[in-house]
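Heads up, the thing below is written out as structure tokens.
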Amino acid sequence: MATVSPRTAEDILTRDGLFGDSAAIETRNIARYRLGLELLSARDPQHADVLHELALAGDDRLLPVLADPVLRNAFEDDTACLESGVFTVSALGGYLAEGAWQQLADGISPCENLMRAPARPWPENGAAWVWTGLEKAAARQPMAERLSELCRNSFEPGTQAEPFDATPEMVEALRKGAGLLTTLLPQIGPSVLRHISLIGFSDGDSADGPLQSLSGGDPLPSAILMSPGRLRDPWTTAETLLHEAAHLKLFDVLRSCSLVEDGTAQVPIPWRQTSWSFIRVLVALHFYAHLTVFQAAARDVTPDLVAQYGPPPADEVIDEPTPGSPAATLGTHRTGLERLTYLAEQALCADHGQVTPEGRRFVHWLLDSVEHCEPNVRTLVRVPQTAAAHPSGEPSLPDGLFVRNEPALVRELPALRQLLVLLPDQARFHWLDVHTWTVYALCEGVPLTELAENYRRTVRGPLSESAARRITHRCLGLLLAAGLVSRA
């Protein structure tokens, strides 16, 4: 492949049903919210009514609540406590009982309602709002205090505690940067921006030095914080928004799929003095793929765009290696492509052994997109041949009659060909593809041979007995490992 095509790369990055399609990602998260709320309602009698009411609410009311940084943080904390067996009372239920979600008006979240001056920089591409300062009357409300605490915890101790109050000029600069992003990347831009709820500005310190920008995971959901210096020109603002919003999008993706076996495994990073967790490697790889497409599109910028936003940077601009790191000493890994290929190598290297089949597809999906902007990228990713090997043969399964474990909460997503299952005693979400969903539905006290034959009869189109047996064995092995089915 010799041609460079940012538009084709955009298609790949925004249309994949699991990793790229923001509407599909939102649909899966809504299903997860509803099942989680059902379980919380059953486990917390004190707040059962408000939790159940929210579980049944329409998407137009549910989404503003669970896109709210404080309430989403409370939901994630609640579900983590359920899974670890230390749940007592729902923090989310407490906020709801105090009237948090009854405050909704026109899709405005409770935290946005606390702001002194409403400001949405790109209403056509999502409900993101800017920190413009807490209303005096709201400053001591529990939600306001919690929002300030979540922001404060994003920084190193002793630095800026919460965001600055943004001025109208800062909001306009954000709007202009988002306009450049969505014009330059008309598919990627709107897709990533819809994953942002809060944008704040601060000069706090991060672990790698003075803050440039950061995105919250569970500790500060759906939020980004950036230095006011990132507003110095529209190109810097657009790249910053792409950077952090791509992270937020991936955080939402990770709620419905597993990319790694052990996200805590450590990987050395040449341009940093400290190693990264394996999941952070994939998060960074995801961003560098998007950055590569951004830079390729910027190289083909039209005169009209230059007249409106100014010229793009003459050279690639990425953060400097940390002083004292190997890259700083040797002068390596100073381009996005160098970093991308290194991270892809680490992700696909057999020595780590941490990537799931979904994770391996995720890495190759990113490389497929980058290849349309950097045609030689796959020749630069050096992966041992053994790393590409896949296990062969059928798993060894016990004899017996197989049944679904009950009770189970389920949510069908037929348009996405997925089933979400939640076992109340485990409090873990399980995402089944259409094949595993079919085998799960057929586990009604039948032996393995009959299960495979029933699967062959159920699926559309011709399927050999050996293929049906192979698929059934694989799916049943996954279901047994997850504790969703057992031998009668």
The test is salt bridge (charged side-chain N to carboxylate O under 4.0 Å, His left out); show your working for Arg7 and Glu10 and say whether it passes.
CA-CA 5 Å; Arg7 292 294 169 259; Glu10 278 200 273; 2.7 Å; yes
Side-chain donor/acceptor of [X] to backbone N/O of [Y], under 3.5 Å:
X      : Y      : result
Thr356 : Leu259 : yes
Gln354 : Val260 : no
Arg34  : Ala57  : yes

Taking only residues two or more places apart in sequence or in another chain, which ones pass salt bridge (Lys or Arg N to Asp or Glu O under 4.0 Å) with [X]?
X      : value
Glu239 : Arg230
Glu26  : Arg194
Glu76  : Arg32, Arg72, Arg255
Arg417 : none

In chain order, what residues pass the side-chain contact (heavy atoms from CB on, under 4.5 Å) check against Glu124, with sequence neighbours excluded?
Trp122
Measuring from atom [atom1] of [X] to atom [atom2] of [Y], what distance do you get when rounded to the nearest 0.5 angstrom?
X      : Y      : atom1 : atom2 : result
Asn29  : Phe251 : CG    : CZ    : 13.0 Å
Glu112 : Leu147 : CD    : CG    : 11.5 Å
Gln346 : Thr341 : CD    : OG1   : 10.0 Å
Leu39  : Asp44  : CG    : CG    : 11.0 Å
Ile224 : Thr240 : CD1   : OG1   : 8.0 Å
Asp59  : Thr27  : CG    : OG1   : 8.0 Å

Ionic contact status for [Y] with [X], cut-off 4.0 Å:
X      : Y      : answer
Asp319 : Arg339 : yes
Arg334 : Glu320 : yes
Glu149 : Arg146 : yes

Closest approach of Ala178 and Leu241, non-hydrogen atoms and distance?
N-CD1, 3.8 Å
Answer yes if the side chains of [X] and [Y] hold a donor-acceptor pair under 3.5 Å, and no otherwise.
X      : Y      : answer
Asp433 : Thr436 : yes
Thr322 : Arg272 : yes
Lys249 : Ser191 : yes

Applying side-chain hydrogen bond (donor to acceptor under 3.5 Å, both in side chains), can you list everything that pairs with Thr167, at least two apart in sequence or on another chain?
Glu169
Distance flag, aromatic centroids of Trp437 and Tyr440, threshold under 6.0 Å:
no
Relative to the ring of His243, is the ring of His247 parallel (under 30°), tilted (30 to 60°) or perpendicular (over 60°)?
perpendicular
